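A quick write-up on the structure given underneath.
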2 protein chains.
Amino acid sequence: MRVTMRQVAERAGVSAMTVSRVINESLRVSEGARTRVEAAIAELGYVPNRLASGLIRRKTGAIGVIVPDVANPFFTLVVRGAEEVAWRAGYHVILCNTQGDLERERGYLEDMLAFQVEGLLIVPAGDQSRPSLRVLKKNDVPFVIIDRSIAGHDGDLVQGDSVAGARRLIEHLIALGHRHIGMVTETSAVSTARDRLQGYKEALAAARIQFRPELIVEASAIDVGAAHDATVKLLDLLDPPTAIFSVNNIAVVGVAEAARERGLAIPRDLALVCFDDIEHASRFLPFLTVMVQPAETFGTIATQLLLDRLAGQVSERRRIVVLPADFIVRESCGAHVPVDDAAA
Amino acid sequence: MRVTMRQVAERAGVSAMTVSRVINESLRVSEGARTRVEAAIAELGYVPNRLASGLIRRKTGAIGVIVPDVANPFFTLVVRGAEEVAWRAGYHVILCNTQGDLERERGYLEDMLAFQVEGLLIVPAGDQSRPSLRVLKKNDVPFVIIDRSIAGHDGDLVQGDSVAGARRLIEHLIALGHRHIGMVTETSAVSTARDRLQGYKEALAAARIQFRPELIVEASAIDVGAAHDATVKLLDLLDPPTAIFSVNNIAVVGVAEAARERGLAIPRDLALVCFDDIEHASRFLPFLTVMVQPAETFGTIATQLLLDRLAGQVSERRRIVVLPADFIVRESCGAHVPVDDAAA
DNA sequence: TGCTTTCGTGGTAACGGTAACGCGATCTTT
DNA sequence: AAAGATCGCGTTACCGTTACCACGAAAGCA
């Protein structure tokens with residue numbers, strides 16, 4: 001049986017109320033009583049029950065974070081940033097992992113509500129996440145969407161500029177002479193995938209290169225195997241691409257695997273660019289040319305927006321923060337020096 | 001204000017008790033009442049308050065997981081495995097990140113208790129974590145230690161065989177002709193670091209190679225920069241090592257950075273081995289020769305042990321599971337074919 | 001038909017804390 | 001020295017839900 005406040009009170013020879021005061025405000029408690037209570041707490045190993053105090057105070061000091069995949073270094077960093085800021089503000093983070101599955105997302109979302117989190121940070125699985133968010137509104141729980149906008153939703157949002165980022169990557173490839181550029185993307189229900197495809201198209205259009213739909217293949221962004229299979233389809237084309245743009249850092253692993261199987265050396269036989277670094281890998285062997293988004297900042301800023309809402313009443317109905325990405329040229333395109341910088 | 005059960009009851013024209021029954025057992029409720037209650041729940045977006053129900057039922061359906069660093073792919077996989085098993089058993093996972101900091105570990109541990117988790121999985125920061133565990137015992141909360149044993153503690157444990165693994169890695173290096181083998185390790189308060197150092201020594205002894213303390217350098221296992229600096233010390237020796245054994249997958253990133261700065265090519269100028277893969281990186285560019293521990297299995301088995309304790313009373317006082325690691329030879333030692341396999 | 005057994009439902013207490021108030025004892029003020 | 005202010009602490013009620021018991025109505029049984 002877990003130690004309760006009354007047990008502490010009895011041992012210290014005071015009432016429960018005095019124990020509560022020692023734990024919380026620490027005002028108006030005599031030195032003697034406080035000492036005895038503290039001793040009793042230490043002896044019994046008492047830990048206050050936050051369910052009980054949360055119930056009456058209507059505050060739990062917890063915020064929920066829901067991401068599709070904690071194993072994705074991008075989201076891992078988002079979470080770390082969020083946790084850092086939350087911790088400093090005296091909040092705890094409860095983390096959930098949806099594997100990009102809508103049902104699981106919905107389940108965890110309700111679980112977080114059930115645990116009475118005071119607010120939520122959500123990287124939604126996609127546009128279909130929208131109905132789930134209505135529950136949050138009905139219960140008056142503030143939340144901030146991260147990374148992906150949701151069509152038709154108008155709450156706080158922290159995201160990158162996927163259109164511009166993708167355009168920049170493709171321009172780089174074009175400047176290096178590539179005309180057949182494949183793209184491994186994920187479902188268009190995810191706004192970043194939509195936007196990056198648009199950036200791709202814009203870059204082609206600007207260079208007067210015909211858009212060829214067969215160069216676009218789709219895979220789940222959680223599953224490396226799916227990206228591998230999609231890449232194989234690209235490489236099997238009669239007229240295969242000389243460069244591939246991967247929609248993110250997970251898919252790019254599948255692309256690399258497929259290329260290696262085919263005996264294609266990168267960048268000699270195939271150029272490769274993608275969004276978001278593979279944390280650790282990028283330091284161990286800096287190789288991939290990427291648009292690096294400030295993932296940790298996504299987390300810190302989103303948390304800040306949320307804390308604002310929790311603290312006072314923020315006047316604006318909606319706040320959108322767009323964070324720029326860094327373009328880093330490494331080896332995977334065969335251009336150590338960014339040859340197209342002069343043109344940009 | 002959040003929607004409560006009474007509001008649902010009022011709208012459905014029944015008592016709170018009936019609403020509770022609809023939500024839980026779903027026994028002994030008339031079809032009509034159930035329908036009306038379910039409609040009211042949907043309309044209002046009602047989510048039951050788990051603080052309240054947890055308070056009275058003494059069950060929250062949550063287990064806590066405490067790891068030093070979610071950004072470390074090894075721990076990320078442990079967490080994923082744990083979450084998978086927990087979810088299937090109807091439990092939720094609350095995840096915490098200590099950054100290897102004892103104080104933070106202690107804080108989160110109490111937080112988890114405060115949230116009334118039913119059990120805990122812990123990758124402790126080190127031997128000094130022991131006092132914190134006493135709080136768990138006093139409160140009768142079952143827990144399983146993962147990855148690192150704690151001197152003097154005798155609870156359930158899931159770990160790898162670090163001694164044998166390290167010995168195998170070093171034998172490999174010796175078979176390739178290396179005699180000057182450096183090791184970048186972390187504080188000996190962490191059992192895996194101790195054990196891996198012992199494996200290192202055993203392998204040297206078996207080959208009648210003199211142990212040289214100056215070849216062992218210590219760094220924090222969380223911080224890549226520290227590993228980098230430690231490696232620099234090794235490379236600055238008058239008689240620098242021709243091979244380096246990194247205690248884990250994070251430190252090895254710092255080793256690689258330091259080597260690159262010095263213009264040392266791996267494996268040409270320096271051979272490199274380590275414990276645990278860098279997830280994603282290992283698939284993107286399979287390069288490192290490693291002992292790969294089944295991280296996800298660490299998580300699943302530990303969770304299973306915990307669930308056993310939660311379900312019934314497990315008879316044994318203590319259970320220890322030791323999981324073997326896979327030795328994978330890749331390029332970082334210059335031996336694609338494991339030349340010493342015949343000798344092993 | 002009268003009796004017991006089920007079924008569907010509601011009332012009440014309790015989980016472990018805290019807000020609000022009350023009350024005697026000490027301290028301050030004029 | 002009397003009046004009020006402050007201090008230290010306890011009592012009571014309540015947060016939202018569920019365990020437990022009770023009760024009327026319908027159903028089963030003799």
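Naming convention: chains lettered A, B, ... in sequence-line order (proteins, then strands); numbering from 1 in each chain. Predicted model only: the values in this text are computed from it and were never measured.
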Between [atom2] of [N] and [atom1] of [X], the distance in whole Å:
X     : N      : atom1 : atom2 : result
A/K59 : D/dG16 : NZ    : C1'   : 19 Å
B/L51 : D/dT18 : CG    : C1'   : 14 Å
A/N24 : C/dG17 : CG    : C1'   : 9 Å
A/M5  : D/dG10 : CE    : P     : 13 Å

State plainly whether the residues A/D156 and A/R309 are in salt-bridge range, i.e. N to O under 4.0 Å. yes
Can you find a side chain N or O atom of [X] that sits less than 4.0 Å from OP1 or OP2 on [N]?
X     : N      : answer
B/Y46 : D/dG16 : no
B/S20 : D/dT17 : no
B/N49 : D/dC15 : no

Quick tally for nucleotides 7-15 of chain C: nucleotides whose base has a protein heavy atom under 4.0 Å get B, sugar-phosphate-only ones S, the rest -, giving BSBBB--BB
When rounded to the nearest 0.5 Å, the distance separating CD of A/E83 from CG of B/L95 is 8.5 Å
Residue set satisfying salt bridge (charged side-chain N to carboxylate O under 4.0 Å, His left out) with A/D69, at least two apart, ordered chain then number -> none
message = A side-chain contact here means heavy atoms from C-beta on lying under 4.5 Å apart; do A/E186 and A/S220 qualify?
response = no
Does some side-chain heavy atom of A/V144 sit less than 4.5 Å from a side-chain heavy atom of A/I122? no
| query | Are the ring centres of B/F74 and B/F298 closer than 6.0 Å? | reply | yes
